[in-house]
Amino acid sequence: MSYKEYKNLNYAQVADDVLQFWKANRVFEKSVETRDGQPTFTFYEGPPSANGKPGIHHVMARAIKDIFCRYKTLQGFQVKRKGGWDTHGLPIELQVEKELGITKDHIGKPASEGGISVEEYNRRCREAVMKFTDLWNDLTEKMGYWVDLENPYVTYHNEYIESLWYLLKKLYDQGLLYKGYTIQPYSPKAGTGLSSHELNMPGTYKDVKDTTIVAMFRVKPSEKAQLLASADGTPSYILAWTTTPWTLPANSALTVGKDIDYVLVKTFNPYTHEPVQVVLAQALVGRWFNEKGQDGDFEGYAASDKKLTPWTILKTFKGADLEGIEYEQLLPYVQPEKPAFRVILGDFVTTEDGTGVVHTSPTFGADDFRVAQANGIPPIMVRDENGKEVPIVDRQGRFVQEIGEFGGRYVKEQYYSDEEQADPEFRPTDVLIAIKLKEEGKAFRVEKYEHPYPHCWRTDKPVLYYPLDSWFIRTTAKKDRLVELNKTINWIPESTGTGRFGNWLENLVDWNLSRSRYWGTPLPIWRSETGEEVCIGSVAELKEMVELSNRRMIELIKAENRTEWNAYLEKNNSIIQQLNNSTIDLHRPYVDEVYLLSESGKLMQREPDLIDVWFDSGAMPYAQWHYPFENKEIFDKAYPADFISEGVDQTRGWFFTLHAIAGMLNDSVAFKNVVSTGLVLDKNGNKMSKRLGNAVDPFDTLATYGADATRWYLITNAEPWDNLKFNIDGIGEVQRRFFGTLYNTYSFFALYANLDGFDFDGRRTIPVSERPELDRWILSKLQSLILEVEQQFEDYNPTKAGRAIQDFVNDHLSNWYVRLSRRRFWNTAEAPDKRAAYETLHECLTTVSKLMSPIAPFFADWLYRNLTKETDLSVHLTEFPPAERDLIDTDLETSMQLGQDISSLVHSLRKGHKIKVRQPLTKVLIPVLNETTRRQIEHVAPIIQSEVNVKAVEFIDDASGILKKKIKPNFKTLGPKFGPKMKDVAATINAMTEDDIRKLEAAGSLSLAIGEITMQDVEIRTEDVPGWLVASEGSLTVALDVTITEELRREGIARDFVNRIQNLRKDRDFDVTDKITITLENNNAVLSNAIEANRPYICREVQAQSLDLVTDLNGNATEIEMDEFLLRVKIEVV
RNA sequence: GGGCUUGUAGCUCAGGUGGUUAGAGCGCUACACUGAUAAUGUAGAGGUCCGUGGUUCGAGUCCACGCAGGCCCA
């Protein structure tokens, strides 16, 4: 066979060619099929949203996924990879709205008003979402990401939605799906909630002057409250500031910061002048107390004009000390159903403003709601006529009747008409509350305060933060189990699992599933006004329920003449038809037109919400297989995942939803190993964005550099969980430095293997034990590399695996093994040594191709297939090479390291004395203090000799008596022994004489003034050989004999001459095997003597059949300068 | 504001459990090699290890507090 040789390698072309080969031979499919019956390794593909173009970070993320799937395949596992698309959600809706130039307001309105039907709108969404799939498929292919794109899961498909319904029903049946509320911006005048999107519109935030109150919450005596108790019975109050006094009747807790410093202040109520003790944050004392009053005249206060209130700080403590202290309800209109009114801890408390204590009303603040739920604090609510719990402010923005004198009043003055507000008697509700609190001695300060406050863009009135209906998954019920399960997951990096994810689980709140949108999975719950509900878990159930409802309707229409239901009946019949011929679409608006009838004959309509798209993606382990309606056995085998990987920003997204659903429904983890990857930033460390124009187009990059260098760069430059500063120059460097070197190494091999007709099937014909040192060394290194790469892949660290391969190829294989072995390949005669060299190099290259194939799949396959005889075999169908541990020879590796270090030192010495390598020298002298080192160096002496062009490597040992020794303290062993006396010890050791050292060496220990030291406590090395040129590094010292004898001089000239002739051969384009004749003008005695003395050597090196010295060349000579000589020479091919 | 994370040469990154002289590649400078040749080798210059305190005989490494960047959350 012959090995393919290439002129100029085009890496992008290599990738293209290999891709064609993969396609033609179904290599991906085969890599899965051939593993039939083997253990499975399950990978879950986190579905990308196909509504945007892919970026370079997607190449990064998908390279990680690909690497471990390929690696596990090499290890013999069957790795199925089903692709998927995330197709629902707000980004798609917004994109469609942008395209159509509409807003959410237009949806559902008649076309005559510029509106669009839900049906049409959703049709547009469905089209938009797959817009970029071609682009994505193209990228997937070009970057070499192996994933099944033929049968991907698609979240908007009916089958997918049906699986989601099944899961939701399971949650529902376990009581884990419930209707509650969340605090959302709400516009009472418009009667609608506002999205964060709407709240971010310009002009929404306006400065308003509100009445603010520092309210006084009276502390209840208790054991915990001893901290705040007074000796004389003066009551203690906790101060909390609010800009929304109307929320005070709904207060049910006070929140403080755990680590914030608080003080107890003795003072007087500024309105009632009663003596009081109050609690607030230390940092904010100055905000509420006049400096002049500090430690003022308490005794004389009663008699004074009360302008200056005296105060004094009694004690200081942390927020944590306040936790659990109870207080009296401030405005006791409505009693909660569970114990409330105590101090809790929250991470959102600041000391920037207010008192460092946050008045907490779970019905009117998002933070309040969250922290209350986490601490089991109930909201203050009343029951409406249906017995349903409602907040104390109605949907029009008025207090309910239960709120005594304030019942029926608007909580915001702006909700009153202009006329009402103009009435001189008019008082805003906030002011009335302030007056009441002042009178009751529960107000510490009332003042106007200007601050920005959001307004409804439709009505221009202030919004309320208000509880709106939402459906929740009761994740808190399983919190402990989710935390426990998380501990069994192998997170990479670990900190994401324990920190970011772990903390998130610890502070878990119920998962709000509701989204008030159009394009998404509809919540399959139908509900009557009286609260009767049914949750539908499959298409079959839906059909059954519609049919049942229809029968009930028909009955009731007859019995009670409910003719208005005829319309529903008609709609339902149409649905049944669609169900029967499978044309049903489980999206809005169709499912909204299913009308069910409860057992008691009440009309049930679908809850209008859609579910959070994160539920879509978190349910993919089940829904991708349409489980449990199909593929049960496939699901069972492919659950949970062995491995997933996504960006760290998915921690609370996909990672969480996968974990939550699996934990709640299967009491198991969804994934065992997870790699969370960092961001890809631009080369200056800025986030890439289209707006800044610094986004990198992955297609350009792949076209320029090919997938391999791109992937290699992305993976080896930084560990994947670190942010990567993407610099395109880095890819070029990888290409030159790593792929270039590897390519060169292969080319070198191919060139000579073809010349020699080297034929090899990969089975060693020369036992490793019979190969030269150099071969055994590189094979030993190769085995070590295999172990290292395997370990790193097992640890999910592709960066270290890649770097190890790179170091092997560059430093060991190319720069040392090939460079030093070149002469062996030039040998024209058949020789075992030459064959050994070929086999060794072939094995190294083949193995490298396997090791690198997960990271650089195209190039690796190119390399592998160039080296192997079986042309239809791909490296991706092979097995990961098992390391042959018995070939690892650490002693030899140390030897070679010494050889390299010694060579480097000699080079350095030559350099310092301007003696070029072509000038042979007599010897290097190496001081050795132990036999092992000596033997190790002797092993590689021939290599050193040829590498640095010296005739001999000699040793001097202690016995010679001429070695100069230096002693250094070994701090590591001395430290524990001497501790604080280290400085003295070190000085004493450094001052030891040669005599002392000899004594120490002889006895193995030595008593010094400061104590006894042993050989372990010091490092003895030689750093000088008197009379020689010396260089040292670490414990290694090398002395070089630089005397150039006449004979050496001649030899040097001969080498120079060979060099010039070789250049000439090359200039003349002679063939490597051409034999020549040389005629040289004899114009210098030194030169001719040198040539005569080395005639056989010269002729052999330049393949000359004759070398004649003549007096005159008659003008047809080539002139070449050579140091002080002028060569006039003529060469001819025989 | 909170959680997590990063900060080492001009650039990109290494630096188990603390050990006194902090490394590599690229880039730069110089040289060598010229039968791997648009390749290769060798040497050199280049550092307040983000800052300030602390623990220790000894801190790039451990602790505290900051500063700057990043992500997520509020």
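Keep in mind that what you see is a predicted model, and the values were worked out from it rather than measured. In what follows, chains carry the letters A, B, and so on, assigned in the order in which the sequence lines appear, proteins first and then strands, with residues in each chain numbered from 1.
Note that CH2 of A:W816 and NZ of A:K781 are 12.0 Å apart. Values are rounded to the nearest 0.5 Å.
Rounded to whole Å, the P atom of B:G46 lies 13 Å from the corresponding atom of B:A22. Comparing the C1' positions of B:A43 and B:C33 gives a spacing of 14 Å, expressed to the nearest Å. With P as the reference atom, B:C63 and B:G69 are 24 Å apart, rounded to whole Å. To the nearest whole angstrom, the two P atoms, one in B:G23 and one in B:A64, are 29 Å apart. To the nearest whole angstrom, the two C1' atoms, one in B:C71 and one in B:G60, are 26 Å apart. B:U8 and B:G25 have their C1' atoms separated by 15 Å, with the value rounded to a whole Å. Rounded to a whole angstrom, the distance from the P atom of B:C11 to that of B:A30 is 23 Å. Distance check on atom C1': B:G66 versus B:C26 gives 34 Å, rounded to whole Å.
For the residue pair A:T710 and A:I731, the shortest heavy atom distance occurs at N-CG2, 3.9 Å.
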Problem set entry | Under 4.0 Å protein heavy-atom contacts per nucleotide of nucleotides 2-17 of chain B, with B for base, S for backbone only and - for none | SBBS------SSSS-B

For this session: Summarise how protein sits on nucleotides 25-37 of chain B as a single string, 5' to 3': B when a protein heavy atom is under 4.0 Å from the base, S for sugar-phosphate-only contact, - for no contact.
Result: SS---BB-SSBBS

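Atom pair A:N10:CG and B:A38:P shows a separation of 17 Å (rounding to whole Å applied). Between A:E506 atom CD and B:C72 atom P there is a gap of 23 Å when expressed in whole angstrom units.
Using modelled atom types and a 3.5 Å distance limit, the side chains of A:Q735 and A:W712 yield no donor-acceptor pair. No donor-acceptor contact under 3.5 angstrom links the side chains of A:Q919 and A:N949, judged on distance only. Residues A:W511 and A:D612 bring a donor and an acceptor atom of their side chains to less than 3.5 Å of each other.
A:F825 and A:Y838 have perpendicular rings, their planes meeting at more than 60° on a 0 to 90° scale where under 30° would count as parallel.
B:U21 is unpaired under the Watson-Crick or G-U wobble criterion, no partner having all donor-acceptor distances under 3.5 Å. Nucleotide B:G35 is matched to nothing when pairs are restricted to Watson-Crick or G-U wobble geometry with both distances under 3.5 angstrom. Across all strands shown, the partner of B:C62 is B:G54, judged by Watson-Crick or G-U wobble contacts whose two distances both fall under 3.5 Å. Base-pair partner of B:U42: B:A30 (Watson-Crick or G-U wobble, both distances under 3.5 Å).
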Problem set entry | Stepwise side chain to side chain donor-acceptor pair (under 3.5 Å) test for A:T716 and A:T799 | CA-CA 4 Å; A:T716 58; A:T799 307; over 6 Å; no

For this session: Would you check, one step at a time, whether the test ring pair (Phe, Tyr, Trp, His ring centres under 6.0 Å) holds for A:F749 with A:H842?
Result: CA-CA 8 Å; A:F749 169 83; A:H842 185 278; 5.7 Å; yes

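A:R287 forms a cation-pi arrangement with A:W241, by the criterion of a distance under 6.0 Å to the ring centre and an angle within 45° of the ring axis.
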